[in-house]
Amino acid sequence: LLLLTNPEQVLLRFAARSAEMLVSIYSGSQKMTVVAEILKAKPDATVQTIAPDASVLEALRTMADKHIGALLVVQNGHIEGIFTERDYARKIALMGRSSADTPMREVMTRSVMFVHPTQTSEACMQLMTDKRLRHLPVMDGEQLVGMISIGDLVADIISEQKFIIEQMTHYIGGNVR
């Protein structure tokens, strides 16, 4: 038993033990989350799509009904583009266009960035930050397997932080799991 009477010694010892705990959490059972795990955690992993000839109004109704911020534009099983709330704001509302009369092909974003199921949440977050994206389709080879949003990644980070806090709380209290 080590008796520490100096408050500085107590703080230094606590900091050292806390650092050891974090290292053990991250090097042990705690691993980086991959996209496939994030997709499994989603209550509904269905990817909502729309045809290129559908109207923007139809897209907005689908997005509102499903409580989502983006739709993939798909024709004959091939991704043609993506339509987001940002596309609506910039290409319809600000331009004074009619949602009912404008087809998706005229306003969708044609260049679609995507990720693989094996990519880490950190890599996705970096891509979203660098490219200023909020949604990423997930492709396994040629097959569309899901879509992740910035909200999905934030939820994953919060879950990881809760786990670490629990582990440190148990460690500090002497109940290491």
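For the numbers below, each heavy atom of this structure counts, side chains included, while hydrogens, waters and symmetry mates do not.
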Yes or no on side-chain contact (heavy atoms from CB on, under 4.5 Å) for Leu71 and Met63, after CA distance, side-chain angles and deciding distance? CA-CA 7 Å; Leu71 289 172; Met63 290 164 65; 3.7 Å; yes
- Message: Show, in sequence, the C-alpha distance, side-chain angles and deciding distance for Arg134 and Arg86, and conclude whether the side-chain contact (heavy atoms from CB on, under 4.5 Å) test is met.
- Response: CA-CA 10 Å; Arg134 295 181 186 173; Arg86 193 178 286 170; 3.0 Å; yes
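Under the 4.5 Å side-chain heavy-atom criterion for grouping Ile, Leu, Val, Met, Phe, Trp and Tyr, Leu153 is not connected to Met147 through any hydrophobic cluster. Residues Ile150 and Ile157 fall within the same hydrophobic cluster, defined by Ile, Leu, Val, Met, Phe, Trp and Tyr side chains chained together at heavy-atom separations under 4.5 Å.
Residue-environment remark: NZ (Lys66) stays at or below the threshold of 12 foreign heavy atoms within 6.0 Å.
Note that the CD1 atom of Ile79 and the CG atom of Leu144 stand 5.0 Å from one another [nearest 0.5 Å]. Taking CE from Met128 and NZ from Lys131, the interatomic distance works out to 13.5 Å, rounded to the nearest 0.5 Å. Note: Asp156 CG to Ile38 CD1 = 4.5 Å, rounded to the nearest 0.5 Å. We find the CG-CG distance between Asp152 and Leu39 to be 8.0 Å, quoted to the nearest 0.5 Å. Atoms CZ and CD1, on Phe114 and Ile148 in that order, are 12.5 Å from each other to the nearest 0.5 Å. A distance of 7.5 Å separates OG1 of Thr62 from CD1 of Ile68, quoted to the nearest 0.5 Å.
Contact record, Pro52 with Gln75: CG-OE1, 3.5 Å, taken as the closest heavy-atom pair.
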